[in-house]
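Reckoned from all heavy atoms, side chains included, excluding hydrogens, waters and symmetry mates.
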Amino acid sequence: MILSRTFRDKWRPPLSLVVAGVLGIMLLVPLAGIAFFRVYENQLIETTEAELIGQSAAIAAATAQRLEEVGKDGLPLGAEVARADEVPGSRSIYLRQPGGSWAPQLPELDLTRTPVLPRRKAPQPAGVPPHPAYLEAGQAVDRILLETQKKTLAGFRVLDFNGVIIAGREDIGLSLAHVEEVKKALTGRYASALRERIVDNPQPIYSISRGTSVRVFVAMPIIVNDRVAGVVYASRTPSNILKEMFLKREAVFWVAVFVLAATFVVGFIFARAITGPIKALTRRSLAIGNGDREALKPLAIHGNREIHALSESMLGMSRKLFERNDYISTFANHVTHELKTPLTAIQGAAELLQDAGADLSPEEREKFLGNILRDTERASKLLNRLRDLARADSVEIGGSCRLSEVAAALKHRFEGLEIDLASEADLPMSPENARIVFENLIDNSRRHGASRVAIIPEQAGKGLTVQVNDNGEGISEGNQGQVFDLFFTTRRESGGTGMGLGIVQALLKAHGASIRLLPGDDGASFELFFPVRPSPVSPASGS
């Protein structure tokens, strides 16, 4: 098959590539969700901070109560806590609230805005040793810290108002006052931070429960009499996505199974309903283009309504083209045969006149000239009829006319021939086309000796039938099957071309109508059938 240069040069993706792209996008949808895991990671960090806030607040309250019991009036305290309305943007519950109102401490860490700080610096020696009351209070809450750590896996340190550790493992007596979040908390303000988490002894298989790279640190002030008495410094590694997915591995597995199954189903539907039928239709069209008549059969699988309609229209058009090709081939053979006879006769007569013109008598010369004229007239008539047939094949469809108007024109055209119209009717074709149909029928009747033609219209349920009956010689039983064949005539000697009924049949077929010969012994009887046209729906009808 030869393609145009434009079609060849411009690359167009095949349908299979488009389908593969769609399926690839479907598979990428869950993978693209990984890009949004940071939102979920942020939620995990916020949850971790919120939990540390609650635990630290409880420990701070217990430590403050113990300090008040142990230190009484002589307890040394740190900086005075500012009022909440004196610190712009503060959300801390540990700033003094006007009127003693409650204000919950909300998480402040956000992966998209909070910088990840380096690993926390190691505790340093304290410049001032902790007060004995603080050490006693630290010993009292140390067991609370240990039990809380066992359940939450969080690390806790309780510091005095100078930032010296008074409770929490082996770091008692060392200072964390140099840590940024502790500095802020010693002023009476809540502080939190994200810091890098470095694994000292990495394992070949990284622990799934400690797989995040950051650690959350929270510094909660301990308030006694509106002054800073210390800080609860807590930290914990937040949970991570891998751990959450591992914990919900069964649900994740079924989600993955569903995505793969959905992709397979979509691919199967595409292959079954689109790509497969289109490829089959392409192969079928190529076979038809190569002249394979065996390809003129419906597809085994159409897939969907649109492809079915496309297939049927393509096959229907192909059938019509094959029929048209056969018709043209047969028609060309008939035309060649019909024109060959008069042309051969003309050539023979002309050669005789040329070779022996001087020896011919006037009567013989007149005879040959008469033959030439008659054959020339027949050839001219055949050409005129061929032109009429071509017009009938490409006639403009549409229009309507009154049968009585056509009958009046026929009476004027065929004077001396009685034409009777039984009743009035509307024909679904233009007046010009209707006259061509009935003129050929009546001319055929007159040539076969008819003196009277009756036109009988009758409305039927599916359309209009019109009978054309004459009282002529009729059509013999042996010729009834050939009357609509082109160039078939029993009046060749009298100038018949055998194309009148062929023109009528072609013209009616173009209008969706048909003609058939009715059996009978008296004259010839033809029945024309015009199907009912579907009426156009007007917008105002609402249907």
Does any N or O in the side chain of S175 come within less than 3.5 Å of the main-chain N or O of Q124, such that one atom is a donor and the other an acceptor? no
Decide, yes or no, whether a salt bridge links E180 with K183 under the criterion of side-chain N to carboxylate O below 4.0 Å. no
Short side-chain to backbone donor-acceptor contact, D160 and V164, under 3.5 Å: yes
If you apply the rule side chain to side chain contact (heavy atoms under 4.5 Å, CB included), what do you find for T152 with Q55, and how did you get there? CA-CA 9 Å; T152 64; Q55 296 160 10; 3.4 Å; yes
Residue pair I222 / L159: nearest heavy atoms and the distance that separates them: CD1-O, 4.4 Å
Enter the distance from S318:OG to R284:CZ here, rounded to the nearest 0.5 Å. 10.0 Å
Between atom CG of L310 and atom CG of L315, what is the distance when rounded to the nearest 0.5 Å? 9.0 Å
Any side-chain heavy-atom pair from T48 and T237 closer than 4.5 angstrom? no
E68 side chain vs V224 backbone, donor-acceptor pair below 3.5 Å: no
To the nearest 0.5 Å, atom OG1 of T187 lies from atom CD of E80 at 12.5 Å
Atom pair CD (E181) and OG (S192), whose distance is rounded to the nearest 0.5 Å: 8.5 Å
CD of E69: more than 12 outside heavy atoms within 6.0 angstrom? yes
For a 4.5 angstrom cut-off between non-hydrogen side-chain atoms, does R215 reach R119? no
Assess the residue pair V158 and I165 against the criterion (side chain to side chain contact (heavy atoms under 4.5 Å, CB included)); give the C-alpha distance rounded to whole Å, side-chain angles, the decisive distance to 0.1 Å, and a yes or no. CA-CA 6 Å; V158 178; I165 300 173; over 6 Å; no
Less than 4.5 Å apart, side chain to side chain, heavy atoms only: is that true for L528 and L508? yes
Identify the two heavy atoms, one from A60 and one from M220, that lie closest to each other, and give their separation to 0.1 Å. CB-CG, 4.4 Å
What heavy-atom pair brings P238 and V214 nearest, and what distance separates the two atoms? CD-O, 3.4 Å
Is there a side-chain contact between R189 and P221, using heavy atoms and a 4.5 Å cut-off? no
Could you walk me through whether E147 and K150 pass the salt bridge (charged side-chain N to carboxylate O under 4.0 Å, His left out) check? CA-CA 5 Å; E147 293 300 324; K150 289 180 180 179; 3.6 Å; yes
Evaluate the side-chain proximity of E51 to E46: yes if any heavy-atom separation is below 4.5 Å, no if none is. no
For the residue pair D171 and R157, establish whether any side-chain heavy-atom pair is separated by less than 4.5 Å. yes
Supply the atom-to-atom distance E432 CD to C401 SG, rounded to the nearest 0.5 angstrom. 11.0 Å
Applying side chain to side chain contact (heavy atoms under 4.5 Å, CB included) to S400 and M429, what does each step give before you reach the verdict? CA-CA 4 Å; S400 62; M429 58 193 318; over 6 Å; no
For S56 and I53, indicate whether the former's side chain and the latter's backbone hold a donor-acceptor pair under 3.5 Å. no
Donor-acceptor contact below 3.5 Å, side chain R195 vs main chain P118: yes
Once the angle between the rings of Y134 and H131 is folded into 0 to 90°, is it parallel (under 30°), tilted (30 to 60°) or perpendicular (over 60°)? perpendicular
Considering residues at least two apart in sequence or located in another chain, which fulfil the ring pair (Phe, Tyr, Trp, His ring centres under 6.0 Å) criterion with F156? none
Quick check for you: to the nearest 0.5 Å, what is the distance between L176 atom CG and H178 atom NE2? 6.0 Å
Compare all side-chain heavy atoms of V228 with those of V81 and state whether any distance is below 4.5 angstrom. yes
Heavy-atom closest pair, residues V182 and A177: CG1-CA, 4.2 Å
Side-chain heavy-atom pair I515, F529 within 4.5 angstrom cut-off: no
Stepwise, does the side chain to side chain contact (heavy atoms under 4.5 Å, CB included) test hold for V466 with L427? CA-CA 9 Å; V466 180; L427 295 179; 4.1 Å; yes
Salt bridge or not for E196 and R120, using N-O below 4.0 Å? no
What heavy-atom pair brings A229 and L77 nearest, and what distance separates the two atoms? CB-CD2, 3.7 Å
Smallest heavy-atom separation, L75 atom then A133 atom, equals CD1-CB, 4.0 Å
